[in-house]
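Please read the structure below before turning to the comments.
Computation of the quantities below employed the complete heavy-atom set of this structure, encompassing side-chain atoms and omitting hydrogens, waters and symmetry-equivalent molecules. We're numbering straight along the sequence, starting at 1.
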Amino acid sequence: MPAQEPSAPKTPPRRGRRTALRVGGAIVAVGLGIAASTWSGYTVYRTGNPADRIHTVAAGGAMTLMHVSWKASIEQVDDLPGQKPLPPDRQWLKIKVTRTALDAEGVSLRGDPEVEVRHSDGRVWKVLPESDDIPDEVKDHRVGTAYSYDMISVVPRHLAGQVEVHVRPATFHVVDNQPVEDILRKAAAQKDPVRDQVLRFRR
């Protein structure tokens, strides 16, 4: 019986490898697509909502931004008239934000600022208005005169000495005899490139 010739070695199947490569390529393509889509979405978001530009103000100091000089202070108090006592681990803060218009342009930029209390770890606490002495009429708002907003907040007691006031000035203009509806409509429609500016008051 003649000896059988040795059979040629079988080549390993390539189909599984090709499938794996296609799957891997698809995963990479999808990943790149998601990344590109995410970056595009982020870019569009940042175009309409630019990252805050923080202006740091030395403790007790003032800073001029958009024709207005701003100052802020924090006072820790144990109780406030008309307010319920806080739990032992909470602390009242009295906050005063002062604005001084340096010219007529500063007077017209008289919308209420947004104010927050922030900690360096990123936590933020609301600030509630109590009162202010801002004149109701633009014509009564004097250049060079300091006007103040009095506000309050509540923070954890152990952080009360560390938190800082952040002020985002309003950027819409108010003119004499302008109806409130027009002011609000103009503010809502206005696309202002400096709405991203925030004053950070050190302590």
- request: Spell out, yes or no, whether L109 and I134 are grouped together once hydrophobic residues are joined by side-chain heavy atoms under 4.5 Å, including indirect joins.
  value: yes
task: Decide side chain to side chain contact (heavy atoms under 4.5 Å, CB included) for I152 and V127; before the verdict, give the C-alpha distance in whole Å, the side-chain angles of both, and the deciding distance to 0.1 Å.
output: CA-CA 6 Å; I152 58 173; V127 172; over 6 Å; no
Side chain to side chain contact (heavy atoms under 4.5 Å, CB included) between H119 and W125, worked out: CA-CA 9 Å; H119 190 266; W125 291 268; 3.7 Å; yes
query: Are the side chains of W92 and Q83 in touch, meaning some heavy atoms are under 4.5 Å apart?
result: yes
field: Heavy-atom check, side chain of T100 versus side chain of T145, under 4.5 Å
entry: no
- request: Grab the two heavy atoms, one from M66 and one from P169, that are nearest each other, plus how far apart they are.
  value: CE-CB, 3.8 Å
field: Audit row: V167, V198, side chain to side chain contact (heavy atoms under 4.5 Å, CB included) steps and yes/no
entry: CA-CA 6 Å; V167 176; V198 177; 6.0 Å; no
- request: Specify the closest pair of heavy atoms between G106 and A101, including all atoms of both residues, with the distance to one decimal.
  value: C-CB, 3.6 Å
query: Do R168 and D52 have side chains that get closer than 4.5 Å, going by heavy atoms?
result: yes
field: F201 with V124, same ILVMFWY side-chain cluster at under 4.5 Å
entry: no
salt_bridge(K139, E137) N-O dist < 4.0 Å: no
- prompt: So do the side chains of R203 and V163 get within less than 4.5 Å of each other, counting heavy atoms only?
  reply: yes
message: If you define the side chain from C-beta out and look only at heavy atoms, does anything of K94 sit under 4.5 Å from K96?
response: no
message: Go through it in stages, so that I can follow the logic: the residues are Y149 and D112, the test is side chain to side chain donor-acceptor pair (under 3.5 Å), and I'd like the CA-CA distance, side-chain angles, deciding distance and then a yes or no.
response: CA-CA 9 Å; Y149 299 90; D112 293 341; 3.2 Å; yes
message: Hydrophobic cluster membership, with links at side-chain heavy-atom distances under 4.5 Å among I/L/V/M/F/W/Y: are L93 and V57 in one?
response: yes
Backbone N/O of A146 and side chain of T98: donor-acceptor pair under 3.5 Å: no
- prompt: Applying side-chain hydrogen bond (donor to acceptor under 3.5 Å, both in side chains), which residue pairs with at least one partner in residues 56-68 are found, sequence neighbours left out?
  reply: H67-D103
field: Worked verdict on R53 versus D196 for salt bridge (Lys or Arg N to Asp or Glu O under 4.0 Å)
entry: CA-CA 6 Å; R53 288 189 284 173; D196 58 344; 3.2 Å; yes
- prompt: Are there more than 12 heavy atoms of other residues, nucleotides or ligands under 6.0 Å from atom CG of D136?
  reply: no
message: Membership question, hydrophobic clusters at under 4.5 Å side-chain separation (ILVMFWY): are L128 and V77 in the same one?
response: yes
message: My understanding is that only one of H166, H55, E164 makes a side-chain hydrogen bond (donor to acceptor under 3.5 Å, both in side chains) with R200; could you say which?
response: E164
task: Give, for atom OG of S69 and atom CZ of R99, the distance between the pair rounded to the nearest 0.5 Å.
output: 10.0 Å
query: Can you find a heavy atom in the side chain of D79 that is under 4.5 Å from one in the side chain of P85?
result: no
message: Do V138 and V107 make a side-chain contact, defined as non-hydrogen atoms from C-beta onward lying under 4.5 Å apart?
response: yes
- request: To the nearest 0.5 angstrom, please state how far the CG atom of D133 sits from the OG atom of S148.
  value: 5.5 Å
- request: Using the side chain to side chain contact (heavy atoms under 4.5 Å, CB included) rule, pick out the option among L159, V154, L86, D78 that qualifies with Q91.
  value: D78
query: Less than 4.5 Å apart, any side-chain heavy atom of V68 and any of L102?
result: no
- request: Answer with yes or no whether the hydrophobic clustering places V115 together with L80; edges join I, L, V, M, F, W, Y residues whose side-chain heavy atoms lie under 4.5 Å apart.
  value: no
message: Pair D132, D150 - check side chain to side chain contact (heavy atoms under 4.5 Å, CB included), show working.
response: CA-CA 6 Å; D132 66 69; D150 291 313; over 6 Å; no
- prompt: Can a donor-acceptor pair be found between the side chains of H141 and R110 at a distance below 3.5 Å?
  reply: yes
